[in-house]
Amino acid sequence: MRRKETENHYQLRVCGVLSGPIHGQIGPIGASRPHVFAASRAVRLFDYKAAFQTAVEQVKSEGRYRVFADLKRVRGQFPKAIRRRADGTEQDVIVWCSNDYLGMGQHPAVLAAMQAEIDEVGAGAGGTRNISGTTRSAVDLEAELAAWHRKEAALLFTSGYVANEATLTTLQRILPGLIVFSDSLNHASMIAGIRNGGCERHIFAHNDLEHLEALLRDAPAGAPKLVAFESVYSMDGDIADLAGTIALARKYGAMTYLDEVHAVGLYGPTGAGVAERDGLLDGVDIVECTLGKAIGVMGGYIAADAMIVDAVRSWASGFIFTTSLPPALTAGALASVRWLKAHPELREAHQERAATLKARFAAAGIPVLPSQSHIVPVHVGDPVHCKMISDLLLEEHGVYVQPINYPTVPKGTERLRFTPSPNHTDAMMDDLVRAMDRLWTHCNVARLPLAA
Ligand code: PLP
(Lines give C-alpha, C1' and ligand atoms only; values in the text may rest on other atoms or scores of the structure.)
Protein backbone atom coordinates (compact mmCIF):
# COMPACT_ATOMS: atom_id res chain seq x y z
CA MET A 1 0.00 0.00 0.00
CA ARG A 2 2.68 2.42 1.02
CA ARG A 3 4.77 1.61 -2.01
CA LYS A 4 1.79 2.02 -4.33
CA GLU A 5 0.99 5.45 -2.98
CA THR A 6 4.53 6.56 -3.62
CA GLU A 7 4.43 5.30 -7.19
CA ASN A 8 1.22 7.14 -7.93
CA HIS A 9 2.55 10.27 -6.36
CA TYR A 10 5.56 10.03 -8.62
CA GLN A 11 3.47 9.44 -11.73
CA LEU A 12 1.44 12.54 -11.09
CA ARG A 13 4.52 14.63 -10.54
CA VAL A 14 5.96 13.41 -13.81
CA CYS A 15 2.74 14.34 -15.60
CA GLY A 16 3.06 17.82 -14.16
CA VAL A 17 -0.29 17.47 -12.45
CA LEU A 18 0.78 17.56 -8.84
CA SER A 19 1.34 21.00 -7.47
CA GLY A 20 1.56 20.31 -3.73
CA PRO A 21 3.27 17.66 -1.68
CA ILE A 22 0.02 16.05 -0.39
CA HIS A 23 -1.48 14.06 -3.19
CA GLY A 24 -4.80 13.86 -1.34
CA GLN A 25 -5.25 17.45 -2.46
CA ILE A 26 -5.48 16.68 -6.12
CA GLY A 27 -7.98 13.93 -6.47
CA PRO A 28 -8.63 10.17 -6.64
CA ILE A 29 -5.70 8.00 -7.42
CA GLY A 30 -7.15 4.57 -6.69
CA ALA A 31 -10.23 2.97 -5.14
CA SER A 32 -8.06 1.06 -2.65
CA ARG A 33 -7.29 4.28 -0.74
CA PRO A 34 -10.54 5.76 0.47
CA HIS A 35 -8.75 8.46 2.50
CA VAL A 36 -7.51 9.93 -0.68
CA PHE A 37 -11.03 10.03 -2.06
CA ALA A 38 -12.27 11.61 1.12
CA ALA A 39 -9.70 14.33 0.95
CA SER A 40 -10.28 14.90 -2.75
CA ARG A 41 -14.05 15.36 -2.40
CA ALA A 42 -13.42 18.46 -0.34
CA VAL A 43 -11.63 20.27 -3.16
CA ARG A 44 -12.61 21.25 -6.67
CA LEU A 45 -10.84 19.15 -9.27
CA PHE A 46 -9.00 20.80 -12.07
CA ASP A 47 -11.22 21.27 -15.10
CA TYR A 48 -8.97 20.28 -18.00
CA LYS A 49 -11.68 20.58 -20.64
CA ALA A 50 -12.42 24.16 -19.62
CA ALA A 51 -8.72 25.06 -19.81
CA PHE A 52 -8.43 23.74 -23.36
CA GLN A 53 -11.67 25.46 -24.32
CA THR A 54 -10.46 28.75 -22.87
CA ALA A 55 -7.27 28.46 -24.89
CA VAL A 56 -9.25 28.05 -28.11
CA GLU A 57 -11.76 30.77 -27.19
CA GLN A 58 -8.93 33.19 -26.54
CA VAL A 59 -7.49 32.60 -30.00
CA LYS A 60 -10.97 33.02 -31.50
CA SER A 61 -11.67 36.25 -29.62
CA GLU A 62 -8.37 37.68 -30.88
CA GLY A 63 -9.34 36.80 -34.46
CA ARG A 64 -6.40 34.36 -34.68
CA TYR A 65 -8.33 31.11 -35.01
CA ARG A 66 -7.14 29.23 -38.06
CA VAL A 67 -9.20 27.14 -40.43
CA PHE A 68 -7.08 25.16 -42.87
CA ALA A 69 -8.06 24.83 -46.50
CA ASP A 70 -8.61 21.19 -47.45
CA LEU A 71 -6.56 20.98 -50.65
CA LYS A 72 -5.43 18.10 -52.83
CA ARG A 73 -2.57 19.08 -55.08
CA VAL A 74 -2.73 17.64 -58.57
CA ARG A 75 0.40 15.77 -59.58
CA GLY A 76 2.36 17.58 -62.27
CA GLN A 77 -0.14 20.46 -62.48
CA PHE A 78 1.19 22.88 -59.86
CA PRO A 79 -0.24 25.43 -58.91
CA LYS A 80 -3.59 23.71 -59.49
CA ALA A 81 -5.31 21.96 -56.61
CA ILE A 82 -8.72 20.55 -55.74
CA ARG A 83 -10.39 21.99 -52.69
CA ARG A 84 -12.91 20.02 -50.65
CA ARG A 85 -15.53 22.22 -49.03
CA ALA A 86 -17.04 21.49 -45.61
CA ASP A 87 -20.10 19.95 -47.32
CA GLY A 88 -17.88 17.53 -49.27
CA THR A 89 -18.26 19.24 -52.67
CA GLU A 90 -15.11 20.00 -54.65
CA GLN A 91 -13.74 23.06 -56.41
CA ASP A 92 -10.72 23.64 -58.70
CA VAL A 93 -8.41 26.30 -57.28
CA ILE A 94 -5.15 28.02 -58.13
CA VAL A 95 -2.76 28.15 -55.18
CA TRP A 96 -1.15 31.61 -54.89
CA CYS A 97 0.58 31.28 -51.54
CA SER A 98 2.64 28.10 -51.61
CA ASN A 99 6.20 28.11 -50.35
CA ASP A 100 6.96 25.41 -52.90
CA TYR A 101 8.29 28.49 -54.67
CA LEU A 102 9.44 26.81 -57.88
CA GLY A 103 7.00 23.91 -58.03
CA MET A 104 9.84 21.44 -57.35
CA GLY A 105 7.46 19.39 -55.20
CA GLN A 106 5.82 18.36 -58.49
CA HIS A 107 8.94 18.17 -60.65
CA PRO A 108 9.33 14.91 -62.62
CA ALA A 109 13.01 14.56 -61.62
CA VAL A 110 12.11 14.80 -57.92
CA LEU A 111 9.13 12.44 -58.17
CA ALA A 112 11.18 9.88 -60.11
CA ALA A 113 13.99 9.96 -57.54
CA MET A 114 11.54 9.50 -54.67
CA GLN A 115 9.75 6.64 -56.37
CA ALA A 116 13.00 4.90 -57.30
CA GLU A 117 14.25 5.20 -53.72
CA ILE A 118 11.08 3.66 -52.31
CA ASP A 119 11.37 0.82 -54.81
CA GLU A 120 15.01 0.26 -53.90
CA VAL A 121 15.21 0.80 -50.14
CA GLY A 122 11.65 1.04 -48.79
CA ALA A 123 9.78 3.62 -46.74
CA GLY A 124 11.29 4.53 -43.39
CA ALA A 125 14.80 5.26 -42.15
CA GLY A 126 14.32 2.76 -39.33
CA GLY A 127 15.27 5.02 -36.45
CA THR A 128 17.85 7.56 -35.40
CA ARG A 129 21.13 7.68 -37.28
CA ASN A 130 22.91 6.37 -34.21
CA ILE A 131 20.72 3.26 -34.12
CA SER A 132 19.94 2.61 -37.76
CA GLY A 133 22.95 4.06 -39.50
CA THR A 134 22.68 6.66 -42.20
CA THR A 135 20.65 6.27 -45.36
CA ARG A 136 23.05 6.54 -48.27
CA SER A 137 21.09 9.27 -50.02
CA ALA A 138 21.31 11.32 -46.78
CA VAL A 139 25.12 11.10 -46.87
CA ASP A 140 25.14 12.10 -50.53
CA LEU A 141 22.71 14.92 -49.85
CA GLU A 142 24.83 16.31 -47.00
CA ALA A 143 27.89 16.31 -49.27
CA GLU A 144 25.91 18.08 -52.01
CA LEU A 145 24.56 20.69 -49.59
CA ALA A 146 27.97 21.37 -48.06
CA ALA A 147 29.49 21.93 -51.50
CA TRP A 148 26.54 24.15 -52.50
CA HIS A 149 27.16 26.55 -49.61
CA ARG A 150 30.95 26.18 -49.98
CA LYS A 151 31.26 24.65 -46.50
CA GLU A 152 33.16 21.62 -45.25
CA ALA A 153 30.12 19.78 -43.93
CA ALA A 154 26.34 19.76 -43.60
CA LEU A 155 23.95 18.10 -41.18
CA LEU A 156 20.34 17.12 -41.86
CA PHE A 157 17.45 17.62 -39.44
CA THR A 158 13.81 16.61 -39.77
CA SER A 159 12.73 20.19 -40.54
CA GLY A 160 14.05 23.72 -40.80
CA TYR A 161 12.35 24.46 -37.48
CA VAL A 162 14.20 21.62 -35.79
CA ALA A 163 17.48 22.65 -37.42
CA ASN A 164 17.17 26.17 -35.99
CA GLU A 165 15.87 25.16 -32.60
CA ALA A 166 18.38 22.35 -32.08
CA THR A 167 21.42 24.18 -33.40
CA LEU A 168 20.85 27.46 -31.59
CA THR A 169 20.18 25.66 -28.31
CA THR A 170 23.23 23.47 -28.73
CA LEU A 171 25.61 26.31 -29.60
CA GLN A 172 24.93 27.70 -26.15
CA ARG A 173 25.97 24.39 -24.55
CA ILE A 174 29.14 24.23 -26.62
CA LEU A 175 30.05 27.88 -26.08
CA PRO A 176 29.43 28.71 -22.39
CA GLY A 177 28.79 32.42 -21.86
CA LEU A 178 27.64 32.86 -25.48
CA ILE A 179 25.86 36.17 -26.11
CA VAL A 180 23.34 36.04 -28.93
CA PHE A 181 22.33 39.09 -31.00
CA SER A 182 19.07 38.32 -32.75
CA ASP A 183 17.13 40.32 -35.36
CA SER A 184 13.72 41.34 -33.99
CA LEU A 185 11.89 39.68 -36.91
CA ASN A 186 13.64 36.34 -36.69
CA HIS A 187 11.50 33.24 -37.12
CA ALA A 188 9.84 31.49 -34.17
CA SER A 189 12.21 28.52 -34.51
CA MET A 190 15.25 30.76 -34.04
CA ILE A 191 13.64 32.46 -31.07
CA ALA A 192 12.82 29.07 -29.53
CA GLY A 193 16.41 27.87 -29.93
CA ILE A 194 17.88 31.07 -28.53
CA ARG A 195 15.50 31.03 -25.55
CA ASN A 196 15.96 27.33 -24.80
CA GLY A 197 19.68 27.77 -24.36
CA GLY A 198 19.06 30.38 -21.65
CA CYS A 199 22.02 32.55 -22.66
CA GLU A 200 22.30 36.34 -22.54
CA ARG A 201 20.51 37.64 -25.60
CA HIS A 202 19.98 41.00 -27.22
CA ILE A 203 17.34 41.77 -29.81
CA PHE A 204 18.32 44.36 -32.40
CA ALA A 205 15.73 46.36 -34.34
CA HIS A 206 15.01 44.69 -37.65
CA ASN A 207 17.93 45.04 -40.04
CA ASP A 208 19.16 48.07 -38.05
CA LEU A 209 22.93 47.89 -38.17
CA GLU A 210 23.44 50.94 -35.97
CA HIS A 211 21.45 49.27 -33.22
CA LEU A 212 23.32 46.00 -33.72
CA GLU A 213 26.65 47.78 -33.50
CA ALA A 214 25.65 49.60 -30.31
CA LEU A 215 24.76 46.28 -28.70
CA LEU A 216 27.93 44.55 -29.91
CA ARG A 217 30.06 47.45 -28.67
CA ASP A 218 28.58 47.13 -25.18
CA ALA A 219 29.34 43.41 -24.88
CA PRO A 220 32.62 42.20 -23.34
CA ALA A 221 35.24 42.00 -26.09
CA GLY A 222 36.44 38.51 -25.16
CA ALA A 223 32.99 36.90 -24.81
CA PRO A 224 31.78 34.44 -27.46
CA LYS A 225 29.10 36.10 -29.57
CA LEU A 226 26.68 35.07 -32.28
CA VAL A 227 24.70 37.28 -34.67
CA ALA A 228 21.56 35.41 -35.78
CA PHE A 229 19.55 36.72 -38.74
CA GLU A 230 17.69 35.77 -41.90
CA SER A 231 18.38 36.73 -45.50
CA VAL A 232 14.84 36.99 -46.91
CA TYR A 233 12.17 37.91 -44.35
CA SER A 234 9.11 36.07 -45.51
CA MET A 235 6.28 38.36 -44.43
CA ASP A 236 7.59 41.67 -45.82
CA GLY A 237 9.83 40.19 -48.50
CA ASP A 238 12.75 42.43 -47.54
CA ILE A 239 16.35 41.25 -47.68
CA ALA A 240 18.92 41.75 -44.92
CA ASP A 241 22.11 43.72 -45.44
CA LEU A 242 24.34 40.67 -45.38
CA ALA A 243 27.58 42.50 -46.13
CA GLY A 244 26.97 45.08 -43.38
CA THR A 245 25.93 42.48 -40.80
CA ILE A 246 28.88 40.21 -41.54
CA ALA A 247 31.31 43.14 -41.39
CA LEU A 248 29.99 44.12 -37.95
CA ALA A 249 30.18 40.55 -36.70
CA ARG A 250 33.80 40.33 -37.83
CA LYS A 251 34.68 43.67 -36.25
CA TYR A 252 33.39 42.56 -32.84
CA GLY A 253 34.54 38.94 -33.00
CA ALA A 254 31.07 37.39 -33.39
CA MET A 255 30.10 34.29 -35.36
CA THR A 256 27.32 34.65 -37.94
CA TYR A 257 24.25 32.39 -38.13
CA LEU A 258 22.15 32.95 -41.25
CA ASP A 259 18.70 31.48 -41.95
CA GLU A 260 18.32 31.20 -45.74
CA VAL A 261 15.04 29.28 -45.56
CA HIS A 262 13.25 31.67 -47.94
CA ALA A 263 16.25 32.15 -50.23
CA VAL A 264 17.83 28.75 -50.80
CA GLY A 265 17.22 27.52 -54.34
CA LEU A 266 16.08 31.02 -55.34
CA TYR A 267 19.06 33.40 -55.24
CA GLY A 268 22.63 33.21 -56.49
CA PRO A 269 24.01 31.73 -59.71
CA THR A 270 23.51 28.14 -58.48
CA GLY A 271 20.70 28.91 -56.02
CA ALA A 272 22.73 28.63 -52.81
CA GLY A 273 20.97 31.76 -51.47
CA VAL A 274 21.51 35.46 -50.94
CA ALA A 275 25.00 34.83 -49.51
CA GLU A 276 25.96 33.30 -52.85
CA ARG A 277 24.27 36.12 -54.79
CA ASP A 278 26.20 38.71 -52.79
CA GLY A 279 29.53 36.83 -52.93
CA LEU A 280 29.48 36.33 -49.16
CA LEU A 281 29.40 32.56 -48.68
CA ASP A 282 32.65 32.68 -46.72
CA GLY A 283 31.32 35.37 -44.36
CA VAL A 284 28.60 33.10 -43.01
CA ASP A 285 29.80 30.75 -40.28
CA ILE A 286 26.64 28.65 -40.04
CA VAL A 287 23.92 28.66 -42.69
CA GLU A 288 20.55 27.07 -41.94
CA CYS A 289 18.02 26.12 -44.62
CA THR A 290 14.90 24.07 -45.30
CA LEU A 291 14.33 21.33 -47.83
CA GLY A 292 10.61 22.07 -47.67
CA LYS A 293 10.19 25.29 -49.64
CA ALA A 294 12.06 25.94 -52.92
CA ILE A 295 13.56 22.44 -52.77
CA GLY A 296 10.00 21.14 -52.63
CA VAL A 297 10.31 18.20 -50.22
CA MET A 298 10.80 18.32 -46.43
CA GLY A 299 13.60 18.54 -43.87
CA GLY A 300 16.19 21.08 -42.78
CA TYR A 301 19.94 21.41 -42.47
CA ILE A 302 22.89 23.45 -41.38
CA ALA A 303 26.18 23.79 -43.26
CA ALA A 304 29.41 25.01 -41.67
CA ASP A 305 33.02 24.07 -40.89
CA ALA A 306 33.41 20.34 -40.26
CA MET A 307 34.33 20.95 -36.62
CA ILE A 308 31.18 22.99 -35.96
CA VAL A 309 28.97 20.41 -37.65
CA ASP A 310 30.65 17.57 -35.75
CA ALA A 311 30.11 19.34 -32.43
CA VAL A 312 26.42 20.03 -33.17
CA ARG A 313 25.97 16.43 -34.40
CA SER A 314 27.45 15.19 -31.13
CA TRP A 315 25.47 17.44 -28.77
CA ALA A 316 22.12 18.36 -30.32
CA SER A 317 19.21 16.44 -28.77
CA GLY A 318 17.00 17.49 -31.67
CA PHE A 319 19.35 15.64 -33.99
CA ILE A 320 20.39 12.68 -31.84
CA PHE A 321 17.10 11.50 -30.38
CA THR A 322 14.79 11.48 -33.37
CA THR A 323 14.21 9.20 -36.34
CA SER A 324 16.05 10.48 -39.38
CA LEU A 325 14.40 11.54 -42.63
CA PRO A 326 12.98 8.72 -44.78
CA PRO A 327 15.22 7.79 -47.73
CA ALA A 328 12.63 8.90 -50.28
CA LEU A 329 12.79 12.45 -48.89
CA THR A 330 16.57 12.65 -48.95
CA ALA A 331 16.69 11.15 -52.46
CA GLY A 332 14.02 13.60 -53.65
CA ALA A 333 15.80 16.55 -52.07
CA LEU A 334 19.09 15.46 -53.63
CA ALA A 335 17.51 15.32 -57.10
CA SER A 336 15.91 18.70 -56.50
CA VAL A 337 19.13 20.40 -55.36
CA ARG A 338 21.04 19.00 -58.34
CA TRP A 339 18.32 20.26 -60.68
CA LEU A 340 18.22 23.69 -59.06
CA LYS A 341 21.99 24.12 -59.25
CA ALA A 342 21.94 23.47 -62.99
CA HIS A 343 18.85 25.52 -63.88
CA PRO A 344 19.28 29.24 -63.27
CA GLU A 345 16.49 29.91 -65.79
CA LEU A 346 14.01 28.75 -63.14
CA ARG A 347 15.25 31.49 -60.81
CA GLU A 348 15.02 34.06 -63.62
CA ALA A 349 11.46 33.02 -64.45
CA HIS A 350 10.59 33.16 -60.75
CA GLN A 351 11.84 36.74 -60.39
CA GLU A 352 10.09 37.76 -63.60
CA ARG A 353 6.76 36.38 -62.36
CA ALA A 354 7.09 38.20 -59.02
CA ALA A 355 8.02 41.50 -60.72
CA THR A 356 5.12 41.15 -63.17
CA LEU A 357 2.57 40.49 -60.43
CA LYS A 358 3.83 43.46 -58.37
CA ALA A 359 3.55 45.71 -61.44
CA ARG A 360 0.09 44.42 -62.34
CA PHE A 361 -1.24 44.95 -58.82
CA ALA A 362 0.26 48.45 -58.66
CA ALA A 363 -1.27 49.33 -62.05
CA ALA A 364 -4.68 48.31 -60.70
CA GLY A 365 -4.21 50.40 -57.56
CA ILE A 366 -3.93 47.32 -55.34
CA PRO A 367 -1.62 48.36 -52.47
CA VAL A 368 1.31 46.01 -52.98
CA LEU A 369 3.92 46.56 -50.27
CA PRO A 370 7.51 47.34 -51.23
CA SER A 371 9.36 44.01 -51.37
CA GLN A 372 12.87 43.34 -52.59
CA SER A 373 12.22 39.67 -53.14
CA HIS A 374 9.93 37.12 -54.78
CA ILE A 375 7.32 37.66 -52.05
CA VAL A 376 4.37 39.87 -53.04
CA PRO A 377 2.58 41.20 -49.94
CA VAL A 378 -0.63 43.19 -50.41
CA HIS A 379 -1.66 45.51 -47.60
CA VAL A 380 -5.22 45.22 -46.26
CA GLY A 381 -4.73 46.67 -42.79
CA ASP A 382 -7.71 45.09 -41.09
CA PRO A 383 -8.12 41.47 -39.93
CA VAL A 384 -11.80 41.18 -40.78
CA HIS A 385 -11.38 42.55 -44.31
CA CYS A 386 -8.31 40.42 -44.79
CA LYS A 387 -10.16 37.23 -43.91
CA MET A 388 -13.22 38.30 -45.92
CA ILE A 389 -11.20 38.97 -49.07
CA SER A 390 -9.36 35.70 -48.69
CA ASP A 391 -12.66 33.79 -48.24
CA LEU A 392 -14.29 35.48 -51.23
CA LEU A 393 -11.24 34.95 -53.44
CA LEU A 394 -11.46 31.26 -52.66
CA GLU A 395 -15.20 30.70 -52.81
CA GLU A 396 -16.06 32.96 -55.73
CA HIS A 397 -12.87 33.04 -57.79
CA GLY A 398 -11.02 29.78 -57.07
CA VAL A 399 -8.00 31.73 -55.81
CA TYR A 400 -6.32 30.38 -52.69
CA VAL A 401 -4.29 32.90 -50.69
CA GLN A 402 -4.44 32.81 -46.91
CA PRO A 403 -4.93 35.94 -44.77
CA ILE A 404 -1.92 36.97 -42.70
CA ASN A 405 -3.12 38.51 -39.48
CA TYR A 406 -1.72 39.33 -36.02
CA PRO A 407 0.41 37.89 -34.39
CA THR A 408 2.23 36.79 -37.56
CA VAL A 409 2.34 40.48 -38.52
CA PRO A 410 1.69 43.58 -36.35
CA LYS A 411 -1.92 44.74 -35.95
CA GLY A 412 -2.90 47.21 -38.67
CA THR A 413 -0.57 45.58 -41.21
CA GLU A 414 -2.78 42.59 -42.02
CA ARG A 415 -2.09 41.42 -45.54
CA LEU A 416 -2.40 38.85 -48.27
CA ARG A 417 0.91 37.25 -49.22
CA PHE A 418 1.27 36.07 -52.82
CA THR A 419 4.11 33.83 -53.98
CA PRO A 420 3.93 33.54 -57.77
CA SER A 421 6.01 30.72 -59.23
CA PRO A 422 7.33 30.10 -62.75
CA ASN A 423 4.23 27.91 -63.22
CA HIS A 424 1.76 30.78 -62.69
CA THR A 425 0.75 31.80 -66.19
CA ASP A 426 -0.30 35.20 -67.57
CA ALA A 427 -3.87 33.91 -67.82
CA MET A 428 -3.83 32.97 -64.12
CA MET A 429 -2.55 36.46 -63.31
CA ASP A 430 -5.32 38.05 -65.42
CA ASP A 431 -7.92 36.14 -63.38
CA LEU A 432 -6.25 37.04 -60.10
CA VAL A 433 -5.90 40.76 -60.79
CA ARG A 434 -9.50 40.95 -62.06
CA ALA A 435 -10.77 39.19 -58.91
CA MET A 436 -8.70 41.39 -56.59
CA ASP A 437 -9.88 44.52 -58.39
CA ARG A 438 -13.53 43.54 -57.91
CA LEU A 439 -13.09 42.62 -54.28
CA TRP A 440 -11.20 45.79 -53.47
CA THR A 441 -14.25 47.73 -54.63
CA HIS A 442 -16.74 45.32 -53.05
CA CYS A 443 -15.02 45.41 -49.64
CA ASN A 444 -14.18 49.11 -49.91
CA VAL A 445 -10.48 48.66 -49.16
CA ALA A 446 -8.10 51.60 -49.71
CA ARG A 447 -6.25 51.66 -53.02
CA LEU A 448 -2.99 53.14 -54.17
CA PRO A 449 -3.30 56.26 -56.30
CA LEU A 450 -3.58 54.81 -59.81
CA ALA A 451 -0.53 55.24 -62.05
CA ALA A 452 -1.12 58.05 -64.59
N1 PLP B 1 13.01 29.67 -40.76
C2 PLP B 1 12.13 30.49 -41.35
C3 PLP B 1 12.54 31.90 -41.61
C4 PLP B 1 10.85 30.04 -41.73
O5 PLP B 1 9.97 30.87 -42.32
C6 PLP B 1 10.51 28.68 -41.49
C7 PLP B 1 9.19 28.12 -41.88
O8 PLP B 1 8.32 28.74 -42.38
C9 PLP B 1 11.46 27.86 -40.86
C10 PLP B 1 12.68 28.38 -40.51
C11 PLP B 1 11.14 26.44 -40.57
O12 PLP B 1 11.35 25.65 -41.72
P13 PLP B 1 10.53 24.30 -41.90
O14 PLP B 1 9.20 24.66 -42.51
O15 PLP B 1 11.38 23.44 -42.78
O16 PLP B 1 10.36 23.71 -40.54
Side-chain angles (χ1 to χ4, degrees), residues 99-100 105 114 117 124-149 151-174 180 186-197 226 228-231 234 255-265 272-273 284-334 336-337:
N99 284 343
D100 183 357
M114 294 182 80
E117 190 79 350
T128 67
R129 285 171 77 164
N130 189 39
I131 288 172
S132 298
T134 289
T135 301
R136 187 165 305 164
S137 56
V139 179
D140 295 345
L141 176 58
E142 284 178 341
E144 190 83 32
L145 295 170
W148 204 16
H149 296 280
K151 300 290 176 210
E152 290 172 354
L155 186 68
L156 292 170
F157 294 83
T158 45
S159 72
Y161 188 105
V162 175
N164 268 335
E165 200 272 340
T167 305
L168 287 163
T169 303
T170 305
L171 288 175
Q172 297 170 59
R173 297 176 72 193
I174 297 168
V180 176
N186 276 344
H187 188 256
S189 54
M190 298 171 81
I191 296 168
I194 293 166
R195 283 201 180 138
N196 283 355
L226 182 82
F229 64 122
E230 299 179 21
S231 52
S234 69
M255 290 177 70
T256 50
Y257 183 101
L258 179 65
D259 176 315
E260 291 247 45
V261 159
H262 291 277
V264 74
V284 178
D285 293 306
I286 303 174
V287 62
E288 180 276 339
C289 301
T290 184
L291 302 172
K293 299 192 195 293
I295 294 167
V297 191
M298 188 190 175
Y301 64 94
I302 58 164
D305 283 356
M307 189 56 80
I308 296 176
V309 169
D310 204 22
V312 173
R313 185 185 71 87
S314 307
W315 283 88
S317 288
F319 169 79
I320 297 169
F321 297 108
T322 188
T323 298
S324 51
L325 290 170
L329 292 193
T330 44
L334 183 57
S336 181
V337 170

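Heavy atoms only: backbone and side chains are in, while hydrogens, waters and symmetry mates are out.
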Could you check whether any side-chain heavy atom of F321 comes within less than 4.5 Å of a side-chain heavy atom of T128, counting everything from C-beta outward? no
Determine whether a donor-acceptor pair (N or O, by modelled atom type, separation under 3.5 Å) exists between the side chain of T322 and the backbone of G318. no
Value for CG (L329) from OG (S137), rounded to nearest 0.5 Å, stands at 9.0 Å
Go through it in stages, so that I can follow the logic: the residues are I308 and D305, the test is side chain to side chain contact (heavy atoms under 4.5 Å, CB included), and I'd like the CA-CA distance, side-chain angles, deciding distance and then a yes or no. CA-CA 5 Å; I308 296 176; D305 283 356; 4.2 Å; yes
In a check of side chain to side chain contact (heavy atoms under 4.5 Å, CB included) between Y257 and each of V287, V284, D285, N164, which one passes? N164
Check whether the side chains of R129 and T134 place a donor and an acceptor atom closer than 3.5 Å, and report yes or no. yes
Nearest heavy-atom contact between G300 and A163 is C-CB, 4.3 Å
Closest non-hydrogen contact found for A125 with P327 is N-CD, 3.8 Å
If I take atom OH from residue Y301 and atom OG from residue S159, how far apart are they, to the nearest 0.5 angstrom? 13.5 Å
The side chain to side chain contact (heavy atoms under 4.5 Å, CB included) partner of M190 among V180, L168, V261 is L168
So, taking the atom named CH2 in W148 and the one named SG in C289, what distance separates them when rounded to the nearest 0.5 Å? 7.5 Å
Give a yes or no on whether N130 atom CG has more than 12 heavy-atom contacts from other residues, nucleotides or ligands under 6.0 Å away. no
Less than 4.5 Å apart, any side-chain heavy atom of E152 and any of V309? no
If you round to the nearest 0.5 Å, how far is OG of S336 from CG of L291? 8.5 Å
Answer yes or no: is there a donor N or O on one side and an acceptor on the other, between the side chain of Q172 and the main chain of G193, under 3.5 Å? yes
Would a 4.5 Å heavy-atom cut-off, applied to side chains only, mark I286 and L171 as touching? yes
Determine whether the aromatic ring centres of H187 and F229 lie less than 6.0 Å apart. no
Nearest atoms (heavy-atom pairs only) where G126 meets S132: O-OG, 2.6 Å
Mind checking the CG-CG spacing from L334 to L141? Nearest 0.5 Å is all I need. 5.5 Å
Side-chain heavy atoms of T330 within contact of L156, under 4.5 Å: yes
Donor-acceptor check, side chain of R173 to backbone of W315, threshold 3.5 angstrom: yes or no? yes
Side chains of I191 and I194 in contact at under 4.5 Å (non-hydrogen atoms): no
How about S231 and E260: does a side-chain donor come under 3.5 Å of a side-chain acceptor? yes
Does the side chain of V337 come within less than 4.5 Å of L145's, by heavy atoms? yes
Taking the side chain as every heavy atom from C-beta outward, state whether T290 and Y161 have any atom pair closer than 4.5 Å. no
Taking NZ, NE, NH1 and NH2 as the nitrogens, is one of them in K151 or E288 under 4.0 Å from a carboxylate oxygen of the other? no
Is there a side-chain contact between D100 and K293 in this structure, where contact means two heavy atoms from C-beta onward sitting under 4.5 Å apart? no
Could you tell me the separation between the CE atom of M298 and the CG atom of L325, rounded to the nearest 0.5 Å? 7.5 Å
